[in-house]
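Just below is one structure, and these are the notes that go with it.
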Number of protein chains: 2
Amino acid sequence: MTIDDMDRKLLAALQEDAGQSYAALGEIAGLSAGSAHERVRKLKAAGVIRRTTIEVDPAALGRGVLAYVLLEANAWMGDSREALLDIPAVDEAHIIAGPASVLVKVRTTTTEDLQATLRALHAVDGVTSTQTVVVLESFFERQPAVV
Amino acid sequence: MTIDDMDRKLLAALQEDAGQSYAALGEIAGLSAGSAHERVRKLKAAGVIRRTTIEVDPAALGRGVLAYVLLEANAWMGDSREALLDIPAVDEAHIIAGPASVLVKVRTTTTEDLQATLRALHAVDGVTSTQTVVVLESFFERQPAVV
DNA sequence: GATGAAACCTAGCCGGT
DNA sequence: ACCGGCTAGGTTTCATC
């Protein structure tokens with residue numbers, strides 16, 4: 001799909017507030033409400049917009065401890081996707097180039113919970129060791145910029 | 001704020017689809033539409049719900065290269081927040097305990113752009129060295145689970 | 001704090017340009 | 001591909017319990 005400047009304006013506006021009316025969106029992009037509606041529909045159909053969702057404060061849910069864990073594995077971890085999905089504390093999992101095999105982002109309530117999560121990660125098939133980086137303070141976490 | 005089980009159901013439903021009606025939300029949580037509306041309003045006012053937004057496919061925006069960068073610094077980087085915010089490729093920045101000082105999440109169009117971003121990170125005040133971990137494949141990226 | 005109804009507003013579809 | 005009007009449905013408010 002070709003994304004032009006109007007689409008980018010619409011995407012940026014929706015990232016800030018997905019609840020605003022198509023009339024307001026049209027004004028931002030220099031379009032009528034109907035046209036804005038049509039473009040957003042196409043962006044959704046093309047998969048550029050995956051879904052509309054809410055941004056929740058993790059600390060309010062009791063998920064104030066953030067850590068990244070490097071998993072070293074002795075086998076290809078391609079089949080470990082589901083095992084990692086089943087650990088609720090794991091928000092992200094990536095196969096990486098470099099010293100370890102998989103990088104995992106973890107949020108827990110307490111450091112004790114973090115310990116329990118590390119045990120769960122150790123139990124995943126193929127994992128031989130973990131290296132944990134605890135976040136002391138987050139400067140910011142934002143969505144991919146619509147350049 | 002006290003978050004009970006109904007609130008959690010509402011939050012989980014809104015994470016999946018923030019566009020659904022309050023009537024549907026009420027049905028999920030076992031509430032009337034008006035009550036569902038009232039609870040969501042309070043969750044927003046309390047900051048549990050930060051905002052409603054869209055989830056955009058990074059690759060569709062030409063941000064298909066994902067990497068994590070560890071920044072070693074020779075000084076306290078507390079004042080570097082704005083400098084990192086100004087680099088559009090940087091999606092997250094965290095002060096960490098461990099080998100380096102700051103962990104940064106970066107999305108770029110190409111590996112050449114990644115190089116340019118690394119140069120920009122080197123130029124940030126206090127940064128003495130960088131260590132880059134390139135993501136080969138993302139298993140998943142999801143939002144903090146509402147447990 | 002929850003409910004149900006009533007007024008207002010918006011989304012979503014239409015044909016026309 | 002954009003625009004304007006129409007209609008059903010949803011949001012939002014209010015009185016009530």
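Below, chains carry the letters A, B, ... as their sequence lines are ordered, and counting in each starts from 1.
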Please check if B:Ile96 and A:Val69 belong to a single hydrophobic cluster, counting links between Ile, Leu, Val, Met, Phe, Trp and Tyr side chain heavy atoms closer than 4.5 Å.
no
Whole angstroms only, please: what is the OH-C1' distance between A:Tyr22 and D:dG9?
15 Å
Between its two end axes (five pairs each) the helix from C:dG1-D:dC17 to C:dT17-D:dA1 turns, nearest 10 degrees, through 30°
Specify whether A:Tyr68 and B:His94 have parallel, tilted or perpendicular ring planes, treating 30° as the upper limit for parallel and 60° as the lower limit for perpendicular.
tilted
Heavy atom of residues 29-51 of chain A under 4.0 Å from DNA chain D: which residues?
A:Leu31, A:Ser32, A:Ser35, A:Arg39, A:Lys42
Between A:Arg8 and A:Val146, what is the shortest heavy-atom contact and its length?
CG-CG1, 3.4 Å
Tell me yes or no: between the side chains of A:Gln143 and B:Thr53, is some donor less than 3.5 Å from an acceptor?
yes
Search all heavy atoms of A:Ile87 against all heavy atoms of B:Arg142 and return the closest pair with its distance.
O-NH2, 2.9 Å
Check the side chains of A:Glu92 and B:Ser138 for a donor-acceptor pair under 3.5 angstrom, ignoring hydrogens and angles.
no
Looking at A:Lys105 and A:Glu141, does any basic side-chain N land under 4.0 Å from a carboxylate oxygen?
yes
Give me the atom names and distance for the closest heavy-atom approach of A:Asp125 to A:Ser80.
O-OG, 3.6 Å
